[in-house]
Amino acid sequence: MIEFHLNDRSGLSPYQQVVRQVRHALRLGLLEQGDRLPTVKDVARQLAINPNTVLKAYRELEHDGLVAARPGVGTFVTRTLADGTLAAHGPLRQDLRRWLTKARLAGLDEESIEALFMNTLRNEAGEDVA
Amino acid sequence: MIWLTWRQFRTQAAVMFAVVAGFAVLLAVTGPQLADLYESGGSSLVDQLSSTDQTLYYTGLTVVFAVPAVIGMFWGAPLISRELETGTHRLVWNQSITRTRWFAAKLGVGALAAMTASGLVSLAVTWWSGPIDRAVDNGGGTETYLARLDPLAFAARGIVPVGYAAFAFVLGVTLGLVIHRTLPAMATTLAVYTAVQVAVPLWVRSHLAASSRTTVPIGSGTPIGIREEGREIAVPLEQPGAWLTSEQTLNAAGRPSSPPASFADCLQPASGPPSMERIDRCVADLGERGYQQQLTYHPAGNFWPLQWAETGLYLGLALALAGFCAWWLRRRLT
Amino acid sequence: MSAVLRAQALGKKYKQRWALRDCDLDIPAGRVVGLVGPNGAGKSTLLNLASGLLTPTAGTIEVCGGRPAAGVDQLAKVGFVAQDTPTYASLSVADHLDLGRHLNPTWDDALARDRIRRLGLDPKQRAGKLSGGQRAQLALTLGIAKRPQLLILDEPVAALDPLARREFMQDLMEAVAEHEMSVVLSSHLVSDVERACDYVIVLVDSRVQVTGDIEDLVASHHRLTGPRRDPDTLPTGLHILSASHTERQTTLLVRTDTAVHDPGWTVSPLGLEDIILAHMTRPADAVRDSRPALEVLR
C-alpha cells in the first residue's frame with residue numbers, strides 16, 4: 001500500500017501532492033491494478049490534513065479513470081500508467097539530450113537551462129488552461 | 001449536573017460534616033449529665049456547673065458562630081470564582097446545559113449542605129445548652145451564662161444559624177462571581193458577613209417582633225444606674241430571660257425627658273463625691289417629682305417569634321442575592 | 001448546503017474598544033475553517049460569540065441555525081474547545097468523561113473511552129497532572145464525544161510542542177473524517193491552517209479582511225513580476241494587494257478572477273501564507289478598491 005508524504009515547500013497544495021504521488025507510483029509500477037488505496041480517514045490522520053482534501057484527490061483520480069471507489073470497501077487501482085508511455089520515454093529522452101547539447105553550445109549554463117525550461121513549461125500550461 | 005456539583009464539592013463537604021459530627025458527639029456525651037442536674041436542682045443548676053461545662057458552653061457558641069462564616073468563605077466564595085479563575089467555566093458552559101441550570105444546581109446543592117451543617121451544629125448546641133437556658137430563664141441569676149434572648153446566645157440557638165448559613169453561602173457565591181478572584185472574594189465575604197452579623201442585632205432584630213413596654217416608678221430603694229453626671233439614668237428590668245432593647249425617662253406629664261437639671265445639681269455636692277444617703281435622697285426626690293422610667297424589651301416568650309422572623313429575613317436576603325447572581329451570570333458575564 | 005455559521009454586521013465592544021466589528025460571514029457546512037490573524041485581532045472574540053460565551057454588542061450571529069447557547073438543544077449542536085484547553089485540575093480523566101456523559105444527551109461514551117485508551121491516558125490520572133498536550137487531547141475528546149455538528153477550537157495547539165501539535169491535528173482530522181462535523185479553528189500560525197483547513201477567514205485589527213475557499217483563493221491570487229511600469233496601465237479586473245518597485249522591476253501581488261495574458265509579466269502562483277500575509281499587511285482603507293491607495297503601499 002502507498003504511503004503519502006507532504007512537502008510544505010513544494011509549492012503544491014496538499015491535494016495536488018496526493019494526486020501526484022499516486023500518479024507517480026502508478027507510473028513507476030509501485031501501485032498495480034487491484035491495489036487498495038489507504039482510506040480517507042487513514043490519510044487524513046497520517047498527514048494531519050483535511051479529509052475533504054483527500055476525498056477531492058481521490059475523486060480526481062477516479063475522474064481520470066485511474067481508481068474506482070467501491071462503497072464500504074475502499075478505493076482500488078483500476079489502471080496503471082506504467083505501460084503506454086514507458087515505450088515513448090526512450091526517444092523523448094534522446095530528443096531532450098540533443099536539445100540540451102544545443103543549449104550548452106549556445107552558452108546557457110545549468111541554471112539558465114532550468115529557468116528556460118520551467119518558464120516555457122509553465123507558459124505552455126497557462127495557455128492550455130486559457 | 002447534580003453529579004458534577006457533588007463531585008466537585010464532596011471533599012469540602014466531608015471535612016465540614018466530619019467536624020460537625022465530631023463536635024456533636026462530644027456534646028452528646030456530656031449533655032445528659034446537664035439534663036440530670038436540671039432535673040434534680042432546677043435553676044440552681046447554674047451554680048453547679050464545672051469549668052469544663054463552661055468551656056463547652058462557650059465553645060458551642062463559638063462553633064455555631066463560626067460555621068456560617070467558614071461556609072461562606074470556603075464553600076461560597078470559591079464556588080464560581082475558582083471556575084472563572086481557572087477558565088473551567090468555558091468548559092462547563094459549553095456542555096449541553098444552560099448557565100442558569102448549572103448555577104441553580106451548584107447553588108442549590110451548596111446552600112442545602114450549608115443549611116444542613118449549620119442546622120445540625122445549632123441543634124446539637126441548643127439541645128446541650130437547653131438545661132442551662134431554662135435555668136437562666138427561670139431566674140437562675142448568673143453572670144456567666146446568657147439568656148437565650150441575649151444577642152450573643154440568640155445567634156447560636158434554634159433555627160437562625162440555618163438562615164445565617166444560607167445567607168453566608170450565597171453572599172460568598174455572589175462576591176466570588178462579582179470579584180472573579182477567590183482569595184479577595186473570601187476576605188470580602190468574611191468582612192461583609194461580620195458587618196451584617198453586627199448590624200442586625202444592633203439595629204434590626206428588636207423590630208422583628210412586637211416588643212413589650214413597662215413603666216417603673218422611681219423612688220427610694222430603686223436600684224438605679226446614673227450616667228453622664230445625672231443627665232441619664234438606667235433601671236434594671238426585673239424579668240429573667242428578657243432582652244432589654246431601650247429605656248427612656250418620662251417626666252410627670254408622661255413625656256420623654258431627661259432627668260431635670262435639679263437632679264444633676266442634687267448629685268453634685270460642694271466637695272467630694274456624693275454619699276449614698278445623698279444619692280438615695282436625690283432619687284427619691286426625682287420620684288416625688290413624678291419621673292418614671294419606661295423600659296422597652298422582648299420577654300423570654302418572644303424567643304421563637306424572633307427566631308422565625310430573623311431566619312426569614314436572612315433567607316430572604318439569600319434569595320435576593322441568588323436572583324442577582326442569576327441576572328449577573330446571564331447579562332454581565334458576556 | 002446550509003450555513004453552519006452566519007454573521008451579519010456582527011460586532012463586540014469592550015468598554016471603549018471594538019474587539020470585532022462589521023463582521024459578515026456565511027460559512028457553509030462540512031468545512032474545516034481556519035480563522036487566522038495576529039494576536040489580539042479578535043479571533044477569540046469571534047469564537048466566543050459563536051459559542052455563546054459572549055453576546056454581541058451589534059449585529060447578529062447564528063450557528064447551526066440558532067442563536068448560540070440559546071438552550072440545551074442549541075448547546076448540544078456546538079462543541080467548544082476553549083483557549084488553553086481548561087480542565088478541572090482536581091478531577092480525573094475518568095471524571096471528565098463522566099462529566100461529559102452526565103451533561104450531554106448526545107454523548108458518545110464508547111467513542112470517548114476508546115479515544116482515551118488510544119491516547120494512552122490513565123483514566124485515574126488527575127487532569128492537573130497531565131501535560132499540555134494530554135490536556136488538549138482530553139479537551140478535544142470532550143468536544144468530539146459530544147458529537148456536535150460544529151466543533152469550535154480556539155488556538156488549540158498554540159501552547160503545544162511540535163510533536164503534540166502534530167498529534168493533536170492528526171486526531172482532529174481523523175475525527176472530522178469519521179464524524180462529518182464542521183470545524184472552525186483559530187490560529188495565529190498559517191502553517192497550522194494550511195494543511196487542515198479548506199476554508200479561511202483572515203481577521204486583522206478586529207475586521208474580516210478576506211474569507212473564502214482556500215482553493216479559490218490560491219487560484220485567484222498571483223505574483224506578477226516584470227519590468228518597472230506604472231500600475232495605472234494594468235488591465236482592469238486586477239485587484240492589487242501590494243506593489244513593490246526597484247529601479248527596473250515591479251512586483252505585484254494581485255487578486256483576479258481572470259487569467260493574466262500580458263506577456264510582459266511573469267506570473268507565478270502564491271502560497272496560502274503569502275496570500276494571507278498580503279491581506280494582513282494591507283491597510284484597512286484599501287479593502288474595497290486598492291487602485292487609489294497604491295501610493296501608500298510599500
Side-chain angles (χ1 to χ4, degrees), chain A residues 3-21 36-60 63 69 71-75 111-112 114-130, chain C residues 28-34 118 157 162-183 185 190-200 213-219 222-223 225 258-263 265-275:
Chain A
E3 198 180 78
F4 295 107
H5 302 278
L6 282 193
N7 181 359
D8 286 337
R9 310 212 177 283
S10 71
L12 295 172
S13 69
Y15 131 79
Q16 287 169 313
Q17 292 191 46
V18 170
V19 171
R20 187 163 284 207
Q21 282 171 36
R36 194 165 69 88
L37 295 182
T39 63
V40 170
K41 184 182 131 187
D42 287 346
V43 180
R45 174 179 175 79
Q46 192 225 328
L47 300 180
I49 62 171
N50 190 324
N52 293 339
T53 305
V54 188
L55 260 179
K56 192 175 168 195
Y58 280 17
R59 242 183 262 131
E60 176 162 326
H63 182 258
V73 191
T75 306
E111 236 172 286
S112 317
E114 197 184 324
L116 180 61
F117 180 83
M118 289 311 294
N119 215 353
T120 316
L121 187 68
R122 220 175 264 139
N123 284 348
E124 195 92 344
E127 276 158 30
D128 280 356
V129 173
Chain C
R31 297 309 196 94
V32 180
V33 180
R118 276 190 297 148
V157 295
L163 182 63
R165 186 180 279 244
R166 167 57 70 92
E167 282 171 351
F168 186 92
M169 292 310 287
Q170 284 182 324
D171 274 24
L172 178 61
M173 288 303 109
E174 187 185 22
V176 172
E178 239 169 340
H179 303 305
E180 296 193 342
M181 55 186 172
S182 308
V183 173
L185 70 95
V190 180
S191 55
D192 288 338
V193 165
E194 203 157 15
R195 284 183 168 205
C197 302
D198 51 12
Y199 200 98
V200 72
D213 186 291
I214 290 179
E215 291 273 338
D216 295 346
L217 288 177
V218 170
H222 309 281
R223 176 185 286 114
T225 43
T258 56
V260 179
H261 290 304
D262 192 335
W265 293 108
T266 303
V267 183
S268 49
L270 276 177
L272 182 64
E273 183 149 15
D274 291 330
I275 296 171

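Labels below follow one simple rule: chain letters A, B, ... track the order of the sequence lines, proteins then strands, and each chain is numbered from 1.
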(message) Which residues in residues 46-56 of chain A have any heavy atom closer than 4.5 Å to a heavy atom of chain C?
(response) Gln46(A), Leu47(A), Ala48(A), Ile49(A), Asn50(A), Pro51(A), Asn52(A), Lys56(A)

(request) Any chance you could lay out the side-chain contact (heavy atoms from CB on, under 4.5 Å) test for Ile275(C) and Val200(C), step after step, and finish with the verdict? (result) CA-CA 11 Å; Ile275(C) 296 171; Val200(C) 72; over 6 Å; no

(message) Can you pull out every salt bridge (Lys or Arg N to Asp or Glu O under 4.0 Å) where at least one residue sits in residues 44-54 of chain A? Sequence neighbours excluded, please.
(response) Arg45(A)-Asp171(C), Arg45(A)-Glu174(C)

(message) Taking the side chain as everything from C-beta on, heavy atoms only, tell me whether Thr266(C) gets closer than 4.5 Å to Arg122(A).
(response) no

(message) Out of Glu178(C), Glu194(C), Met169(C), return the one with the most heavy atom pairs under 4.5 angstrom to chain A.
(response) Glu178(C)

(message) Please classify the contact of Glu273(C) with chain A as side chain, backbone, both or neither, using a heavy-atom distance under 4.5 Å.
(response) neither

(request) Select one option (side chain, backbone, both, neither) describing which atoms of Val218(C) are under 4.5 Å from chain A's heavy atoms. (result) neither

(request) Would you check if there is a donor-acceptor pair between the side chains of Glu215(C) and Tyr15(A) at a distance under 3.5 Å? (result) no

(request) Specify the closest pair of heavy atoms between Arg31(C) and Asp198(C), including all atoms of both residues, with the distance to one decimal. (result) NH1-O, 3.3 Å

(message) Looking at every non-hydrogen atom in both residues, tell me the closest pair between Pro28(C) and Tyr199(C) and how far apart they are.
(response) CD-CE1, 3.9 Å

(message) If I take atom CE from residue Met118(A) and atom CG from residue Asn123(A), how far apart are they, to the nearest 0.5 angstrom?
(response) 11.0 Å

